[in-house]
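Here the structure is laid out as structure tokens; the discussion comes afterwards.
Within every chain, numbering begins at 1; the chains are lettered A, B, ... in the order of the sequence lines, protein sequences first and strands thereafter. As the structure is a computational prediction, the values presented were derived from the model and not from experiment. Only heavy atoms go into these numbers, but all of them, side chains included; no hydrogens, no water, no symmetry mates.
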Amino acid sequence: MSEAPVRVRFAPSPTGQLHIGGVRTALYNWAFARANGGTFILRIDDTDPTRSTQENIEIILRALEWAELDWDEGPLVGGPFEPYYQTKRAQVYSNALAVLIDSEHAYPCFCSAEDLASKRESNRAAGIQGYDRTCRGLSPEEARARIAAGEPHVWRLKVPLDHGPVTFHDAINGDCSFPNDVMDDFVLMRSDGTPTYNFTTVVDDADMRITHVIRGNDHLSNTPRQILVYEALGAPLPAFAHLPMINGADGKKLSKRHGATSVEQFKELGFFPDVLVNYLALLGWSLDGETTLFDRQTLCDNFSLQRINKSPATFDLAKLEWMNQRYIIELGAAAFVDALIPYLEESGLATKAEVSAHRSWFESIYPLVAERVKTMQDVCPLIAFLFSGPTVILDEQSVSKTFGKTDQACDILGAALAIIADPALNFTTEVLHDALNTIPEKMGLKVRMVFQVIRVAITGAVVSPPLFESMVLIGRDDSIARLKAAEEYCC
RNA sequence: GGCCUGUUCGUCUAGCGGUUUAGGACACCGCCCUCUCAAGGCGGAGAUCACGGGUUCAAAUCCCGUACAGGCUACCA
């Protein structure tokens with residue numbers, strides 16, 4: 001391991017949102033760079049003119065920032081190989097093409113897309129894979145004349161016919177070999193003058209001195225083609241590592257059908273970036289086979305290509321949720337409240353200003369809900385009752401399970417009311433617990449039943465955060481009001 | 001069709017020829033704790049390592065086939 005400093009890149013195509021597979025690729029590149037003191041480069045591969053949009057570029061940048069996968073070179077931060085948008089690098093590609101034309105590694109092809117499509121079937125039947133090289137034999141004079149006459153043409157790579165199988169070592173998949181005769185003279189430059197993916201990728205990776213190409217396994221079959229371009233260019237080969245794909249629960253390629261698939265969605269659902277990183281790191285890689293929860297530093301300290309496995313993984317939301325819950329439990333009140341603000345505002349429970357004004361009150365919610373939520377989105381529904389003042393909306397089912405189940409509900413509420421209305425009673429969790437605990441004994445009722453009745457009166461539902469803590473948060477006045485309201489309801 | 005790649009509990013994975021009656025985690029089930037729900041503790045079930053052949057004293061681990069899944073085969077990336 002004496003080589004040049006590691007330089008890796010994530011090169012998304014802005015044809016959609018940044019999806020799970022994309023972040024995972026970005027993450028592995030990032031982690032590999034950080035693990036090796038290398039450079040992580042972000043490059044926008046926007047050469048598909050019909051599907052790339054500015055909006056998608058922004059979404060991708062924001063998603064990466066949210067995930068805290070910071071890049072050392074690329075959009076926003078610049079770097080020695082600017083620009084980092086392929087659409088702004090036209091000159092680089094035409095220079096590269098000129099080199100290939102000069103060295104007779106590329107030739108013009110005048111076959112129209114329609115011609116090719118119509119010939120494809122018969123060629124295939126005749127055993128010809130891909131382009132049949134009709135224009136490869138054109139004389140330079142004829143080619144020049146037709147170009148001068150303005151005839152539309154693409155530029156194709158002149159694949160060496162006597163080239164043996166293309167072999168390379170993949171850091172994950174081991175030695176790979178592709179027969180040369182299945183490689184056709186693919187298009188480098190389209191008739192509209194824009195370059196194709198297999199060309200730009202190589203030109204840029206070579207130009208930007210990328211040392212390790214880490215990308216999805218769907219590119220494995222493109223690698224031999226790209227190696228041919230490296231060779232034609234006379235550029236040194238990077239190391240390759242092709243990551244296993246990520247599938248949905250049905251084993252099929254992950255798509256919208258499988259629910260949330262974009263980073264944006266996971267953010268909105270209330271997952272933390274650290275959690276998504278932790279989970280994704282484990283989709284195809286393992287720390288030691290035992291440890292599932294670890295932080296970024298641990299990931300960066302231990303990440304290695306050797307521990308990436310070859311088989312595709314299935315995305316499991318339940319495990320992600322569990323991790324997020326574990327994370328929230330470790331989060332602490334201050335960070336929790338910070339993270340909760342957008343959700344409070346969105347649900348209309350409280351504004352940012354109100355949170356600042358009653359910071360400690362909001363922080364005391366944390367221990368009541370931390371172990372009861374999987375995502376931040378779960379929090380507001382659970383605590384909405386804290387914000388409803390003197391009355392609370394009673395959940396119908398909960399009412400029938402409690403008030404409707406016993407004719408003593410009325411007495412229970414009366415007893416509770418009598419206790420907490422006593423101004424001499426300290427309104428604290430412990431005192432409330434001890435005081436209210438006398439009711440079941442006195443009335444000869446089950447503890448569980450008594451508290452469930454009170455719970456519904458206070459929180460509106462049979463499932464809630466701890467009762468006494470909730471009452472303290474609501475305050476004595478509202479607690480009394482709610483008990484009275486419930487009393488009216490069932491007495 | 002051709003060329004590639006993959007296949008260990010439902011899921012993520014450990015395993016890189018003998019230490020394995022295949023380990024951990026999520027999910028699942030039961031018990032305990034308990035004011036509900038969670039969380040937590042304890043325990044349980046769950047994988048003849050896709051299948052079939054080899055190689056070897058010995059294979060989940062090496063080789064060859066088959067099946068299934070995925071990718072590439074575009075003037076998409």
Could you tell me whether [X] contacts a base, only the sugar-phosphate backbone, or nothing, with contacts defined as non-hydrogen atoms closer than 4.0 Å?
X	value
A/Pro12	nothing
A/Gly216	nothing
A/Glu469	base
A/Val187	sugar-phosphate
A/Ala113	base
A/Leu282	sugar-phosphate
A/Asp192	nothing
A/Thr47	sugar-phosphate
A/Tyr279	nothing
A/Arg225	sugar-phosphate
A/His219	base
A/Glu321	nothing
A/Val154	base

Examine [N]: is either OP1 or OP2 under 4.0 Å from a nitrogen or oxygen in the side chain of [X]? Give yes or no.
X	N	result
A/Arg215	B/rA77	no
A/Gln325	B/rA39	yes
A/Lys319	B/rC12	no
A/Arg307	B/rG15	yes
A/Ser221	B/rU73	no

Which is more 5' along RNA chain B, the nucleotide nearest A/Asn173 or the one nearest A/Arg124? Just name the residue. A/Arg124
Name the residue closer to the 5' end of RNA chain B, choosing between A/Thr196 and A/Val373 according to the nucleotide with the nearest heavy atom. A/Val373
Donor/acceptor link under 3.5 angstrom from [X] side chain onto base of [N]:
X	N	answer
A/Glu121	B/rG1	no
A/Asp316	B/rA27	no
A/Ser191	B/rC75	yes
A/Arg448	B/rC35	no

Please measure how far the P atom in B/rA67 lies from the corresponding atom in B/rC29, and state the result in whole Å.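 Result for the P pair: 39 Å, nearest Å.
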Determine the Euclidean distance between corresponding P atoms of B/rU55 and B/rC64; express it in Å to zero decimal places. 15 Å
Between A/Gln452, A/Arg372, A/Arg455, which is the residue that forms a side-chain hydrogen bond (donor to acceptor under 3.5 Å, both in side chains) with A/Ser464? A/Arg455
Is the side chain of A/Asn56 donor-acceptor paired with the backbone N or O of A/Pro14 at a distance under 3.5 Å, no angle test? yes
Taking atom types as modelled and ignoring hydrogens, do the side chains of A/Thr298 and A/Asp301 form a donor-acceptor contact shorter than 3.5 angstrom? no
Looking only at the side chain of A/Asn222 (C-beta and beyond, no hydrogens), which of the listed nucleotides B/rC72, B/rC37, B/rU7 gets closest? B/rC72
Side chain of A/Arg455 only, please: which of B/rC26, B/rU7, B/rU36 is the nearest?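 Of B/rC26, B/rU7, B/rU36, B/rU36 is nearest to the side chain of A/Arg455.
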